[in-house]
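One structure below.
Throughout, a chain's letter reflects where its sequence line sits, starting with A, and its residues are numbered from 1.
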Protein chains: 2
Amino acid sequence: MKNFEYYNPVHIVFGKGQMAQLKKLIPAKSKLLLVYGGGSIKENGIYEEVTGHLKNFQVIEFEGVSSNPQYDHLMKGVELARQAQINFILAVGGGSVIDGAKFISAAINHSDDPWNILSKRQKIESVIPFGCVLTLPATGSEMNSFSVISKGADKLGFGGDPRLYPKFSILDPTLTYSLPDRQLANGIVDAYVHVLEQYLTKDINAPIQDRYAEAILKTLREQAPLVMSSPDNYDARANLMWSATQALNGLIGVGVIHDWATHMIGHELTALYGIDHARTLAVVLPSLLRVQKEHKLEKLVQYGIRVLEIDPELDVEDIADKAIVKTEEFFNSLNVPTKLSEYQVKVENIADIVSSLKSHIAANLGEDGNIDDKKVTQILTLSVKS
Amino acid sequence: MKNFEYYNPVHIVFGKGQMAQLKKLIPAKSKLLLVYGGGSIKENGIYEEVTGHLKNFQVIEFEGVSSNPQYDHLMKGVELARQAQINFILAVGGGSVIDGAKFISAAINHSDDPWNILSKRQKIESVIPFGCVLTLPATGSEMNSFSVISKGADKLGFGGDPRLYPKFSILDPTLTYSLPDRQLANGIVDAYVHVLEQYLTKDINAPIQDRYAEAILKTLREQAPLVMSSPDNYDARANLMWSATQALNGLIGVGVIHDWATHMIGHELTALYGIDHARTLAVVLPSLLRVQKEHKLEKLVQYGIRVLEIDPELDVEDIADKAIVKTEEFFNSLNVPTKLSEYQVKVENIADIVSSLKSHIAANLGEDGNIDDKKVTQILTLSVKS
């Protein structure tokens with residue numbers, strides 16, 4: 001195991017009816033910025049429920065945070081927050097809204113252009129504390145200190161600063177009952193890939209982390225059909241919600257080797273072609289695993305045997321191949337395509353994607369830094385050719 | 001899944017050489033109470049290493065915290081801390097030293113007799129912040145807010161107050177290289193039973209928690225022989241240390257049903273007969289599982305199949321029986337007895353044990369409150385008769 005530090009002070013409040021705790025969780029007399037998305041919370045009753053619990057606070061609303069939250073739009077929220085001198089932020093939504101709230105939190109008191117926090121890795125000066133009401137299980141943003149923001153064709157992340165942890169996150173599985181299938185499926189794929197990127201690297205003898213990762217993968221596979229077929233299956237929604245949070249709250253990633261190449265390549269596909277985040281992962285990951293198969297062989301075999309229950313008597317190459325196919329099948333079972341050819345991306349676009357990626361990363365990708373331009377091209381080419 | 005809250009802000013600093021971070025982790029200019037045990041840290045070099053990193057702080061030492069830390073002794077530490085007006089506590093040791101430090105932390109500013117925090121559940125008025133350097137993987141105290149203290153024949157717990165979390169815990173597996181076999185074995189059993197008491201209850205459809213529990217159990221079983229046979233196997237020590245912390249940091253217990261009867265009965269055996277804490281668990285648990293077998297059947301079978309790899313084709317009663325036997329065999333493989341007859345406890349002592357237990361608990365034990373005096377008697381009788 002590698003040396004590590006783990007510090008995650010998010011206060012998780014999980015279960016049905018927990019929204020009623022909002023008035024205790026938000027510091028008394030706070031002046032709030034209420035951040036939310038495109039208005040679905042006004043249709044499904046969540047807006048009414050949240051604001052019902054905020055009657056003792058001054059509330060300024062900032063709506064319209066989209067998926068892949070946009071810098072230009074978020075800066076309007078920053079202006080609003082500065083003018084009103086708010087001192088707490090409440091994010092109500094999925095990962096995009098929470099990521100947006102994290103950016104606003106860090107941007108309000110930033111003396112330079114806040115985009116520099118992402119593009120130039122400028123240090124955050126101070127933050128405005130924030131809490132979350134999660135409505136979409138997917139990104140894990142409700143229990144981590146990371147955020148991804150877009151500005152034109154740039155989709156960049158920031159975080160890792162302990163001040164960027166939410167003060168609390170309310171996880172009420174009933175809030176997910178009204179989610180459309182596409183968002184649910186995307187959430188499952190996103191969480192699944194988060195786990196694989198912290199797990200499918202190299203065995204460095206960290207069995208707790210490995211088995212926790214396998215626990216989440218197995219649970220996602222088992223709960224996914226229940227979630228997709230029965231919108232009001234509380235237990236299935238609860239287990240999905242807790243799985244997605246666990247997938248990216250740092251715990252399974254302590255002391256082990258990561259490979260975030262799939263996410264990094266996927267961000268380019270979203271920024272350039274507007275493909276849903278999770279769907280970019282589903283088209284990149286299988287091709288990446290094929291290209292990196294020999295490199296990841298030991299862990300692919302472990303994943304194949306322990307999670308996918310592939311016959312351990314088979315040849316290791318076969319097990320690894322089957323593990324990749326079964327991963328594709330799982331995504332496909334959620335109506336999430338695993339080939340770039342399903343989108344408007346052609347072989348002739350690959351050079352642009354690679355060049356854009358190159359402008360956003362400081363070094364080669366992959367757990368050993370061996371995913372260079374050539375390999376990214378190879379991965380994308382494999383995915384484009386159905 | 002049941003509703004739950006999870007908040008665990010302990011800053012874990014894990015790995016070899018991490019002691020060097022002490023000077024950053026302790027607030028500048030702190031006046032420290034350094035709490036430790038019976039002097040083994042002076043023999044194995046840990047004392048020297050710790051104090052070497054404390055040169056910038058005023059340090060008052062309080063030594064001699066024993067296993068089953070004693071109220072009378074700890075109150076001397078409280079007096080010392082009050083006189084010197086210390087403002088930070090550093091615990092260097094295992095669970096007993098850390099539990100002792102938690103008590104001192106809560107007792108220093110308590111206006112009434114601090115024992116009332118345990119015996120009368122008096123609210124803690126304020127705490128002095130504290131950090132830990134863990135030297136013995138076992139209790140999980142380094143990442144939870146609980147503590148168990150003894151006064152004569154009373155062994156009582158307190159905690160659950162978020163102010164009782166350590167500010168940080170340094171977990172350096174190399175600090176465990178010099179541990180005697182008996183302490184290592186006890187630690188493994190303690191951690192294993194912590195997991196079982198949060199897992200072997202009822203299936204309420206919480207697969208993440210179940211699989212995390214199974215992850216820790218499997219890892220403890222797999223690492224135990226390596227730990228016992230090779231004192232300087234870094235990975236084995238690291239995996240044991242992280243397993244023991246995970247076993248009782250609250251995570252596997254969120255949203256599920258617990259049964260702490262084994263611990264509650266075990267505390268009486270330690271208080272009355274001085275049996276090592278872990279060894280009391282090893283003599284109580286198998287008998288408790290036999291008495292409660294029908295009640296816990298579903299989970300015993302799951303444990304048997306998933307953790308112990310018992311043939312799933314067998315009859316469920318057989319699987320459960322075998323699971324209990326295999327649990328005993330695991331403890332015995334560590335030279336930890338599983339029968340009370342191995343100690344100086346006789347059938348005629350059982351009434352006293354039951355009566356003492358009754359004076360310390362408000363209700364019957366067990367996940368359904370169905371372990372009454374009669375069942376405790378039955379459990380102890382089964383364990384006394386070899």
Side-chain angles (χ1 to χ4, degrees), chain A residues 1-18 21 25 143 162 165 167-173 204-220 222-223 226 233-247 249 251-252 254-255, chain B residues 1-18 21 25 143 162 165 167-173 204-220 222-223 226 233-247 249 251-252 254-255:
Chain A
M1 208 188 301
K2 297 197 306 178
N3 281 6
F4 67 84
E5 295 192 33
Y6 184 69
Y7 171 68
N8 189 326
V10 182
H11 180 174
I12 295 290
V13 184
F14 191 101
K16 45 177 115 63
Q18 296 285 31
Q21 304 227 35
L25 292 165
M143 202 181 177
Y165 280 114
K167 292 292 169 202
F168 63 82
S169 285
I170 294 177
L171 276 60
D172 179 346
I204 57 159
N205 196 354
I208 287 286
Q209 292 90 321
D210 276 8
R211 290 184 172 120
Y212 278 14
E214 291 154 4
I216 302 170
L217 296 170
K218 284 187 213 175
T219 303
L220 286 170
E222 156 195 282
Q223 302 296 317
L226 304 171
N233 181 332
Y234 179 80
D235 278 345
R237 298 278 161 145
N239 290 323
L240 169 62
M241 203 167 217
W242 193 226
S243 296
T245 300
Q246 288 294 312
N249 70 357
L251 184 65
I252 62 167
V254 296
Chain B
M1 209 188 302
K2 297 196 304 177
N3 282 6
F4 67 83
E5 295 192 33
Y6 185 69
Y7 171 68
N8 190 325
V10 182
H11 180 173
I12 295 289
V13 184
F14 191 102
K16 46 176 114 63
Q18 295 285 32
Q21 304 227 34
L25 292 165
M143 201 180 176
Y165 279 114
K167 292 293 168 202
F168 63 82
S169 285
I170 294 178
L171 277 60
D172 178 346
I204 57 160
N205 197 353
I208 287 286
Q209 293 89 320
D210 277 7
R211 290 185 172 118
Y212 278 14
E214 291 154 4
I216 301 170
L217 295 170
K218 285 187 214 175
T219 302
L220 286 170
E222 155 196 284
Q223 302 296 317
L226 304 171
N233 180 333
Y234 179 81
D235 278 346
R237 300 278 161 145
N239 290 324
L240 168 61
M241 203 168 217
W242 194 225
S243 297
T245 299
Q246 289 293 313
N249 69 357
L251 185 65
I252 63 167
V254 296

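- Comparing A/V13, A/N8, A/I208 by heavy-atom pairs within less than 4.5 Å of chain B, the highest count is held by A/I208.
- A/I12 is not listed as a side-chain neighbour of B/V254, based on a closest heavy-atom distance of 4.5 Å or more.
- Your options are A/Q21, A/R211, A/Q18, A/Q246, and the one with the most heavy-atom pairs under 4.5 Å with chain B is A/R211.
- Every residue two or more places apart in sequence or in another chain was checked for a ring-ring contact (aromatic ring centres under 6.0 Å, His included) with A/Y234, and none qualifies.
- The closest side-chain heavy-atom distance from A/E5 to B/H11 is below 4.5 Å.
- Residue contact with chain A, scored on non-hydrogen atoms closer than 4.5 Å, is absent for B/E214.
- Applying the 6.0 Å contact sphere to NZ of B/K167 captures no more than 12 heavy atoms from other residues, nucleotides or ligands.
- Contacts between B/L171 and chain A at a heavy-atom distance below 4.5 Å are absent for every atom of the residue.
- A/N233 CG to B/N205 CG: the interatomic distance, rounded to the nearest 0.5 Å, is 7.5 Å.
- Aromatic ring pairs are classed by plane angle as parallel below 30°, tilted from 30° to 60° and perpendicular above 60°; the pair B/W242 and A/F4 is perpendicular.
- Between the side chain of A/D235 and the backbone N or O of B/M1, at least one donor-acceptor pair lies under 3.5 Å.
- Side chain of A/N3 to main chain of B/K16: a donor-acceptor pair is present (N/O by atom type, distance under 3.5 Å, no hydrogens or angles).
- A search for ring-ring contact (aromatic ring centres under 6.0 Å, His included) contacts involving A/Y6 returns nothing, not counting sequence neighbours.
- For the atom pair CG of A/L251 and CG of B/N249, the computed distance is 8.0 Å after rounding to the nearest 0.5 Å.
- Across B/G15, B/A236, B/P207, B/S243, the residue that shares the most heavy-atom pairs under 4.5 angstrom with chain A is B/P207.
- When heavy atoms are compared at a cutoff of 4.5 Å, B/M241 does not approach chain A at all.
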